[in-house]
Number of protein chains: 2
Amino acid sequence: MATLKFSRQRESIKQYLASTKEHPTADMVYMHVKEDYPNISLGTVYRNLNLLTDIGEALKIATPDGADRFDGCVKPHNHFFCTECRRVLDLDLDMKEIEQINKAAASNFDGIIESSNTIFYGKCGDCIK
Amino acid sequence: MATLKFSRQRESIKQYLASTKEHPTADMVYMHVKEDYPNISLGTVYRNLNLLTDIGEALKIATPDGADRFDGCVKPHNHFFCTECRRVLDLDLDMKEIEQINKAAASNFDGIIESSNTIFYGKCGDCIK
DNA sequence: TTTATTGCAAATGGTTTGCATCTCT
DNA sequence: AGAGATGCAAACCATTTGCAATAAA
């Protein structure tokens with residue numbers, strides 16, 4: 001199997017993901033990394049985002065808006081999607097709360113809910129007015 | 001504004017959505033309705049699914065698989081996505097449990113979580129082996 | 001030198017849209 | 001007749017992929 005080789009582009013992508021909490025789309029990552037590597041292509045960004053996701057160094061988040069969002073923080077946590085401003089926000093709960101939620105959700109359900117990655121929907125503080 | 005007008009195709013789509021619990025994709029709806037209306041087009045299916053979603057007679061569910069899933073059951077409930085078999089399942093909780101989950105999720109979060117539509121991830125009973 | 005990674009462009013898959021025609025009301 | 005709905009095809013957008021060139025080991 002592929003032995004990972006260093007790449008400046010991938011490094012830049014990782015660094016950007018680690019520096020932001022805005023859960024950017026692949027295109028946003030592309031735009032940003034382009035500032036340092038003007039020749040980088042969207043394909044490379046996608047390839048690296050998928051690679052990072054596969055090896056567990058990034059999270060891919062599906063939203064109703066079509067474009068996936070990426071998260072460089074892989075510590076277990078859940079997400080919130082604001083149906084008004086379309087932002088993805090982190091829900092910062094401790095493991096006890098996460099487990100409590102999962103237990104309640106799985107009552108009379110035959111299956112295993114992952115420790116995190118749950119996506120809640122609603123309106124964020126900024127959008128409630 | 002548009003005054004809704006009857007259409008056999010839309011009726012057939014609604015009926016199919018009401019009859020299934022498998023959260024079909026637009027294409028699956030298309031294939032099915034095609035049996036009764038061989039001339040129906042994918043565009044018409046999409047237009048109607050979006051219309052039904054807009055007027056609150058159907059639910060659109062985003063998944064990591066790209067294609068959206070649709071649900072004819074609009075009573076408040078949450079969903080579960082099996083990361084192995086890729087199915088969307090219903091989580092049948094009563095309002096008390098749903099509210100309890102939302103309350104726990106919203107602790108130290110500034111915003112309002114919708115009563116339902118939360119998507120959990122994990123492995124379903126069939127896939128745990 | 002070997003193999004992973006890149007840039008580019010073409011291809012894919014899901015969904016939307018313009019338009020002429022048809023169908024409800 | 002008038003407004004909405006349809007079928008078809010073209011357009012769109014996000015993402016993937018093939019390939020020759022490049023860079024890391």
Side-chain angles (χ1 to χ4, degrees), chain A residues 1-17 22-55 57-71 81 86-88, chain B residues 1-17 22-55 57-71 81 86-88:
Chain A
M1 65 208 50
T3 314
L4 215 49
K5 205 169 275 188
F6 175 90
S7 113
R8 305 163 176 287
Q9 292 91 330
R10 184 186 308 132
E11 220 49 34
S12 179
I13 290 171
K14 281 168 68 173
Q15 200 175 304
Y16 174 52
L17 283 187
E22 61 175 333
H23 307 91
T25 61
D27 200 68
M28 289 162 75
V29 174
Y30 171 61
M31 298 299 221
H32 193 275
V33 175
K34 220 179 155 115
E35 287 168 19
D36 286 320
Y37 298 91
N39 296 325
I40 197 172
S41 73
L42 237 197
T44 295
V45 171
Y46 272 107
R47 268 184 296 237
N48 277 300
L49 287 174
N50 286 336
L51 186 158
L52 292 174
T53 299
D54 288 347
I55 64 179
E57 293 189 19
L59 246 47
K60 190 190 281 193
I61 308 160
T63 75
D65 279 0
D68 288 336
R69 314 292 261 272
F70 294 87
D71 192 342
F81 180 81
R86 325 304 286 178
R87 280 185 301 169
V88 172
Chain B
M1 67 209 44
T3 315
L4 215 51
K5 205 168 274 187
F6 175 91
S7 112
R8 306 163 176 285
Q9 292 90 331
R10 184 185 309 130
E11 221 48 35
S12 179
I13 291 171
K14 282 168 65 172
Q15 200 176 305
Y16 174 53
L17 283 187
E22 60 174 333
H23 308 92
T25 62
D27 201 67
M28 287 161 76
V29 174
Y30 172 60
M31 299 298 221
H32 188 93
V33 175
K34 221 175 154 111
E35 288 169 18
D36 285 321
Y37 297 91
N39 296 324
I40 197 172
S41 73
L42 236 197
T44 294
V45 170
Y46 272 107
R47 269 185 297 238
N48 278 301
L49 287 174
N50 286 336
L51 188 158
L52 293 173
T53 299
D54 288 345
I55 64 179
E57 294 190 16
L59 246 48
K60 190 190 280 195
I61 308 160
T63 75
D65 280 359
D68 288 335
R69 314 291 262 271
F70 294 87
D71 192 342
F81 179 81
R86 325 304 285 179
R87 280 184 301 170
V88 172

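In what follows, every chain begins at residue 1, and chains take the letters A, B, ... in the order their sequences are listed.
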Is B:Gln9 near enough to D:dG7 that one of its side-chain N or O atoms lies under 4.0 angstrom from OP1 or OP2?
yes

B:Ser12 side chain to B:Arg8 main-chain N or O, any donor-acceptor pair under 3.5 Å?
no

Checking contacts here: which listed nucleotide (C:dG7, C:dT16, D:dT6) is nearest the side-chain heavy atoms of B:Asn50?
C:dT16

Results of ring-ring contact (aromatic ring centres under 6.0 Å, His included) for A:Phe81 - residues two or more places apart only
A:Tyr121

Validation row: B:Asn50, B:Lys60 side chains within 4.5 angstrom (heavy atoms):
yes

Quick check on D:dT6: is either OP1 or OP2 less than 4.0 Å from any side-chain nitrogen or oxygen of B:Asn48?
yes

Does anything in residues 30-50 of chain B pair up under ring-ring contact (aromatic ring centres under 6.0 Å, His included), and if so which pairs, sequence neighbours excluded?
B:Tyr16-B:His32

Spacing of B:Asp27 atom CG relative to C:dT16 atom C1', expressed in whole Å
15 Å

Axis-to-axis angle between the two ends of the helix from C:dT1-D:dA25 to C:dT25-D:dA1 (five base pairs per end, rounded to 10 degrees):
30°

Less than 4.5 Å apart, any side-chain heavy atom of B:Pro64 and any of A:Asp68?
no

Between P on C:dG14 and NZ on B:Lys60, what's the gap in Å once rounded to a whole number?
14 Å

Applying side-chain hydrogen bond (donor to acceptor under 3.5 Å, both in side chains), can you list everything that pairs with B:Asp27, at least two apart in sequence or on another chain?
none

Atom CD1 of B:Ile13 to atom C1' of D:dA5: distance rounded to whole Å?
11 Å

Between C1' of C:dA11 and CG of A:Leu42, the distance in whole Å:
15 Å

Whole angstrom value for the distance that separates C1' of C:dA4 from CZ of A:Arg10
8 Å

Side-chain contact test, heavy atoms from C-beta onward, threshold under 4.5 Å: evaluate it for B:Arg10 versus B:Leu4 and give yes or no.
yes

Give a yes/no on whether any side-chain N or O of B:Ser41 is located under 4.0 angstrom from OP1 or OP2 of D:dT6.
no

Can you give me the N/O atom pairs linking the protein to nucleotides 10-14 of chain D at distances under 3.5 Å, or say none if there are none?
none

How many whole angstroms separate atom CE of A:Met28 from atom P of D:dT15?
12 Å

List the protein contact pattern of nucleotides 19-25 of chain D with one symbol per nucleotide (5' to 3'): B for base contact, S for sugar-phosphate-only contact, - for none; contact means a heavy-atom distance under 4.0 Å.
-----BS

How close or far is atom P of C:dT6 from atom OH of A:Tyr30, stated in whole angstroms?
14 Å

